[in-house]
Amino acid sequence: MHLRYSVAKDEGIRFCRATGDDNEIHSIGDVVPGAMTAAKVILPIEVLFPEIEIVHFSMKFTSIAAYGRSLFTLIRC
């Protein structure tokens, strides 16, 4: 499955506040939190396959995700 999305800076800042991530690179800088990227990847899997339990998940970042830019994710299950 291929996903293409972007994250607005205010959305990233709200995510950081909700998760307790106080790293300024996400609020003052323009770097999307890795945990937010991971959550956006796991969500469609949970929606498409609600009966499964995710026991192990690994993710490889190939570049820095920046607010307002398109992000591309390839998911293999």
Side-chain angles (χ1 to χ4, degrees):
M1 176 170 39
H2 293 159
L3 295 176
R4 181 179 181 182
Y5 59 94
S6 65
V7 177
K9 189 169 188 170
D10 62 329
E11 183 183 4
I13 291 171
R14 286 194 311 271
F15 180 88
C16 287
R17 287 183 184 145
T19 59
D21 184 349
D22 59 357
N23 188 337
E24 292 182 348
I25 197 168
H26 305 307
S27 58
I28 295 173
D30 288 323
V31 178
V32 177
M36 184 177 197
T37 305
K40 286 193 171 282
V41 170
I42 290 176
L43 179 63
I45 296 169
E46 291 179 327
V47 170
L48 291 172
F49 308 105
E51 301 296 321
I52 68 168
E53 175 185 356
I54 298 173
V55 176
H56 176 78
F57 175 80
S58 64
M59 187 170 185
K60 181 170 108 176
F61 295 96
T62 57
S63 64
I64 294 174
Y67 294 125
R69 289 186 165 177
S70 290
L71 304 172
F72 302 94
T73 304
L74 170 65
I75 300 172
R76 295 180 193 158
C77 297

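Nothing fancy with the numbering, it's 1 onward along the sequence. Everything quoted here is computed from the prediction, not taken from an experiment.
- There is a path of hydrophobic side-chain contacts, each under 4.5 Å, that joins Val41 to Leu71.
- Residues Pro33 and Cys16 share a closest heavy-atom pair of CG-SG, 3.4 Å.
- Remark: side-chain polar atoms of His2 are not paired, donor with acceptor, to backbone N or O of Leu74 under 3.5 angstrom.
- The distance from atom CG of Asn23 to atom CD1 of Ile28, rounded to the nearest 0.5 Å, is 9.5 Å.
- Residue Ile42 qualifies as enclosed at atom CD1: its count of foreign heavy atoms under 6.0 Å is above 12.
- Connection of Ile45 to Tyr5 is established within a shared hydrophobic cluster, with ILVMFWY side chains joined at heavy-atom distances below 4.5 Å, either directly or through further cluster members.
- The CD atom of Glu11 lies 9.0 Å from the OH atom of Tyr67; values are rounded to the nearest 0.5 Å.
- Residues Met59 and Phe49 are members of one and the same hydrophobic cluster, defined by side-chain heavy-atom contacts under 4.5 angstrom among Ile, Leu, Val, Met, Phe, Trp and Tyr.
- Interatomic distance, CG of Leu3 versus NZ of Lys40, reported as 9.5 Å (0.5 Å rounding).
- What you find for Gly12 and Val7 is that their closest heavy atoms are N-CG1, 4.1 Å.
- Residues Ile64 and Phe72 do not share a hydrophobic cluster, defined by chaining ILVMFWY side chains whose heavy atoms lie under 4.5 Å apart.
- Side chain of Lys9 to backbone of Gly29: a donor-acceptor contact under 3.5 angstrom is found.
- Closest approach of Phe15 to Ala35, counting heavy atoms only: CZ-C, 3.8 Å.
- Both Phe57 and Met1 belong to a single network of hydrophobic side chains, linked directly or stepwise wherever heavy atoms of I, L, V, M, F, W or Y lie under 4.5 Å apart.
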Asp21 and Met36: CA distance, side-chain angles, deciding distance, side chain to side chain contact (heavy atoms under 4.5 Å, CB included) verdict: CA-CA 11 Å; Asp21 184 349; Met36 184 177 197; over 6 Å; no
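- With rounding to the nearest 0.5 angstrom, the CD1 atom of Ile52 is 8.0 Å from the CD atom of Glu46.
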